[in-house]
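Naming: A, B, ... by sequence-line order, numbering from 1 per chain.
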Amino acid sequence: MKPDRNKFSIEEPLSLSLDRSRDDFQPLSSTSERKMHGRPRKAYKPEEEAASASKAAKLRSLQTQFMSIHHHKIYTKEAIDLSRKLLEINPEAYTAWNYRKLAVEDTLSREESNQDLVKSILDEELKVVESALRQNFKSYGAWHHRKWVLSKGHSSVGNELRLLDKFQSLDSRNFHAWNYRRFAVELTNRSKQDELKYTEDIISKDFSNYSAWHNRSVLLSSLLARKAEGFTPNEKIPEEYKLVHDAIFTDEDDQSGWFYHLWLLDQTVNVETPLLTSSWPSHGSCINLSGGDGCLNDSSSSKLTTFCSDLGSFPLILYFDQPVSGVSSSTVAVDSELRGNEDLVWEPVSNKNSRVSCVWVARLNYMSSEPCFPKEYKVKVRIGNSPGIVSSRGCNFSTPYEFVFTAHVHDTVREDSQEVIVSWTDGFDIWDAQSKDLNFLVNLDQQMGLKWRQEAIEEEIELFRALSDSKIGKLTLARLLMAKAMISENGVKGVHYEEILELYSDLMVLDSSHYRYYKDEHSVALLHKVTSSTESLSRYLFQYRDINNSICLRLNNLSLSRIASVEKLLFVQMLDLSHNELHSTEGLEAMQLISCLNLSHNRIRSFSALDSLRHLKQLRVLDVSHNNIGEHSVDTTRYLCSSPLSNSEWTEDEVGRQMTSLVTKYWDAYFVLRDLDLKQLDIAGNVIAGDEFSSFVPQVVPKLVWLDGQKLRS
Amino acid sequence: MKKKIASSIGLSAIDEEAVDERSLSTKPSKTGRLRSFSSIFFNPLQSRDSSSVFKADELFLFFLPAGGFAGNTGHDPHVLYTLSAVQILALFDKLDILDVGKVSSYVAGLQNEDGSFSGDMWGEVDTRFSYIAICCLSILKCLDKINVVKAVDYIVSCKNLDGGFGCTPGAESHAGQIFCCVGALAITGSLHHVDKDLLGWWLCERQVKSGGLNGRPEKLPDVCYSWWVLSSLIMIDRVHWIDKAKLVKFILDCQDLENGGISDRPDDAVDIFHTYFGVAGLSLLEYPGVKAIDPAYALPVDVINRILLTK
């Protein structure tokens with residue numbers, strides 16, 4: 001018979017762990033993790049087993065006695081001593097801590113006026129905790145008991161920081177001790193500046209103390225947020241860069257400073273107040289609107305600015321540089337002669353439970369019942385008209401911004417385009433873009449006051465070029481160059497993209513374990529490059545003959561693994577992303593105008609990965625053929641897709657009621673597809689595709705006309 | 001390899017009606033936090049006949065009038081063990097024997113004014129308990145008994161500048177705590193509060209040269225993080241940022257090839273918990289032959305789908 005290993009647990013040496021590199025975590029359990037970690041694998045001798053068995057017997061008898069006094073509510077000195085003995089052996093006996101609290105409360109209720117007695121009782125509790133912590137420094141129960149005792153008052157909190165210094169010098173990364181430190185500091189009203197100094201002392205002794213860096217970031221961000229004296233970003237951030245350099249440059253493999261540096265970079269790049277990054281329609285543009293699915297045949301109007309919708313409305317899209325809340329008809333004023341737009345409803349393009357997003361959309365009606373077009377309408381949009389647009393960090397959109405565009409509404413015959421099947425294989429012509437067609441790509445004015453930020457980034461770039469042999473050196477340099485491109489004036493952009501792409505290519509080789517992280521970053525940089533100028537973007541724009549020469553953005557065969565720069569692509573109605581390495585459509589939700597999307601030959605693993613497409617109200621044609629849908633047992637977008645699994649509300653429809661087992665089997669296809677208004681869908685070349693699924697899809701998408709090239713109805 | 005583990009924790013076929021002791025013992029471990037329940041079967045302090053048959057009713061030895069469960073007979077109720085009880089019953093499709101109203105009221109009653117949760121009547125507050133309460137109430141379909149918005153706000157207040165989460169506001173990020181917070185946000189459909197790229201980079205950098213994962217920067221790798229880190233990376237769709245093959249190798253290197261089981265690190269003594277975390281990690285890595293596990297509820301995907309995808 002195998003020895004039961006558990007019984008050896010009580011034989012652990014009763015000493016404080018000094019091995020701070022070990023980091024054990026059993027957060028959902030209240031038993032000691034020490035019994036489970038770092039114990040060498042070996043066969044136990046009979047005498048060891050016998051000794052263990054006798055200790056177990058002793059503990060068992062102690063526990064039985066304890067349960068008896070606990071259940072009989074006996075709070076005599078002997079009884080209380082017994083609980084102490086139990087806790088000394090096993091600080092994880094949570095019921096024994098509860099018992100001691102009851103015992104203290106019992107005495108306090110009888111002897112409240114006897115100050116000396118109360119103090120001696122509470123001091124005794126602190127001693128019990130201290131000896132329990134010597135047994136297990138990571139005992140949740142012991143640390144909580146200490147907090148509970150302190151909450152009763154009567155003891156000197158000054159002692160707590162002294163005790164902590166002792167413990168923290170033994171294990172400087174213990175998160176219980178750091179948590180308790182923050183608690184004790186709060187209690188003593190010790191200043192944040194003093195604590196900041198403490199982290200500096202710890203870091204100067206050992207820069208590899210991530211816990212200290214963490215606490216520093218907490219203290220500093222709080223001091224910066226409340227604008228304490230001497231704590232403005234332009235003074236403080238450059239100083240902090242110097243501090244973190246010491247750590248990174250001493251040992252470039254030590255991660256402790258990495259995340260702090262990234263946080264500083266974030267503080268440098270991001271201006272606090274939210275700004276409008278782009279919009280559709282853009283300022284000064286002139287859009288052509290028509291009804292029906294078929295677009296204008298009028299060749300004089302630019303294809304890029306022609307929009308047709310069977311919904312009779314067009315989306316007005318606002319893209320902010322950070323997630324904001326509070327976009328509404330009171331914070332954004334839209335003045336136009338277009339009728340029926342008095343009460344615009346602004347919706348965040350985000351998860352249902354969120355009222356915060358970078359992208360906000362309102363739909364403007366342009367098809368009224370009166371036949372009064374063609375006509376030209378001016379539309380004026382004022383953002384930040386009244387306060388209320390707030391970033392998720394709590395900063396107000398403070399500089400009101402205004403833009404104007406013109407809408408030409410054309411009278412067109414409604415044609416039934418269901419007959420047309422979109423083929424992505426041919427029919428594309430190179431499109432000779434005029435620079436005026438793409439002038440909306442010019443960025444909106446950025447807020448000034450970037451001087452210290454640009455200087456700080458230049459300095460960092462200088463420094464990290466010297467470290468660019470190492471992983472963190474290359475990665476930081478790539479991030480700094482991206483940051484520089486983001487906050488530079490227009491015109492100098494694009495300069496560094498080649499270098500950034502090369503750095504990420506190097507990293508894929510240098511640190512192959514994180515290959516796909518660098519791959520994703522490489523894709524982001526590539527898309528920034530593609531969209532950085534009108535010249536480069538126009539190389540990817542084509543005319544599609546079969547649908548009235550619509551403009552198609554073809555980003556196919558670029559080995560893209562993720563989507564980025566969508567704020568520059570809000571105008572796109574036909575998008576070809578085929579033959580890439582995408583595994584999710586995250587990001588596409590902002591591109592509200594998309595009606596035809598090709599995602600074939602990518603790495604989509606499930607329908608839940610297409611969740612963002614639910615926001616695309618114009619989407620009619622979707623090609624997800626030749627992906628990996630249905631191939632994997634792990635669904636990485638299971639919880640990013642709004643469904644009953646994430647407790648999102650849903651209304652059961654006829655399909656849900658009648659096809660329960662298929663709905664459970666294809667739940668993600670069901671929840672995603674039923675919100676899409678598709679006419680053409682291609683799913684061939686996926687594991688999921690088959691007779692059963694092919695017969696299920698038309699039930700969920702009743703308007704579907706084409707499935708995998710087959711016409712469903714005439 | 002599976003056989004070796006099976007010999008240690010009994011991954012034998014499970015008869016839902018009469019589960020023998022050995023196979024039940026894997027069930028508590030499945031959730032990874034059922035130490036005290038599992039101790040009924042493993043703890044030498046409890047002498048039990050190895051041939052005795054488990055009945056779900058036996059869990060009621062730990063059920064207390066307050067509506068919560070204790071870790072063992074005679075102990076006090078705590079939200080930790082209440083979730084464990086609910087998970088075990090969910091696993092065996094026996095939730096119907098619970099007094100759902102009473103259990104959910106006990107859990108909901110632990111929510112504090114600021115949205116946080118206490119572990120029991122003694123007021124220890126920790127985001128672990130937020131996860132436990134939310135997970136438990138979601139399985140029982142009773143999330144409407146708590147203020148979900150406040151619960152989410154509290155978790156978000158524990159978000160750090162490195163993208164991770166700690167046990168209380170201002171507390172250091174820790175992979176285990178990140179699982180709890182990301183899991184609770186996943187279950188409540190609130191993952192939009194997570195900075196997926198920032199947290200994803202922090203989490204993927206937990207992979208060290210040996211292929212194993214640690215729980216915080218500059219710490220040793222440990223098989224248990226195959227669960228905490230991996231499940232979090234999956235929930236935020238960034239699991240492709242680590243080298244899965246290397247992690248599989250690390251977990252397999254932690255097996256005791258002679259006696260079965262998996263340890264925290266190669267050549268350490270095995271235990272039931274690391275065996276669970278190892279097997280669960282292999283499941284998340286799509287290792288052949290291991291059943292799919294849900295990254296948020298820590299229960300098999302088919303169990304969770306059965307409970308939540310039917311009205």
| Test side-chain hydrogen bond (donor to acceptor under 3.5 Å, both in side chains) applied to Lys246(B) - qualifying residues, sequence neighbours left out | Ser513(A)
| field | Part of Tyr260(A) within contact of chain B (heavy atom distance under 4.5 Å) | value | neither
| note | From the list Val148(B), Thr188(B), Asp144(B), Leu143(B), side chain to side chain contact (heavy atoms under 4.5 Å, CB included) with Asn647(A) holds only for Leu143(B)
| query | Looking only at heavy atoms, which two atoms of His70(A) and Gly74(B) are closest? And how far apart? | reply | CD2-O, 4.4 Å
| request: Could you have a look at Glu586(A), Lys147(A), Arg657(A) and say which one has the most heavy-atom pairs with chain B under 4.5 angstrom? | output: Glu586(A)
| said: What I'd like to find out is whether the side chain of Ser646(A) reaches to under 4.5 Å of the side chain of Ile187(B), using heavy atoms alone. | reply: no
| task | Return yes if a side-chain donor-acceptor contact under 3.5 Å exists between Asp520(A) and His240(B), otherwise no. | result | yes
| task | Indicate whether any N or O donor in one side chain lies under 3.5 Å from an N or O acceptor in the other, for Asn98(A) and His75(B). | result | no
| Cation-pi between Arg479(A) and Trp201(B): NZ/CZ under 6.0 Å from ring centre and within 45° of the ring axis? | yes
| Largest heavy-atom contact set with chain A, pairs under 4.5 Å, which of Lys209(B), Met235(B), His193(B) | Met235(B)
| Exercise: do Tyr639(A) and Asp294(B) side chains pair donor with acceptor under 3.5 Å | yes
| remark: Across all chains, not counting sequence neighbours, the ring-ring contact (aromatic ring centres under 6.0 Å, His included) partners of Trp667(A) are none
| query | What's the shortest heavy-atom distance between Val634(A) and Glu286(B), and which atoms? | reply | CG2-CG, 3.6 Å
| query | With no hydrogens and no angle check, do the side chains of Arg216(B) and Gln255(A) hold a donor and an acceptor under 3.5 Å apart? | reply | no
| field | Heavy-atom pair with the smallest gap, counting every atom of Leu262(A) and Leu198(B) | value | CD2-CD1, 3.5 Å
| remark: Bottom line for Arg181(A): the part with an atom under 4.5 Å from chain B's heavy atoms is neither
| Using a cut-off of under 4.5 Å for heavy-atom pairs, which of Gln207(B), Arg238(B), Glu172(B), Lys196(B) has the most such pairs with chain A? | Glu172(B)
| note | All heavy atoms of Glu218(B) vs all of Ser208(A), minimum pair found to be CG-OG, 3.8 Å
| task | Examine the side chains of Ser217(A) and Asn160(B) and answer whether a donor and an acceptor come within less than 3.5 Å of each other. | result | no
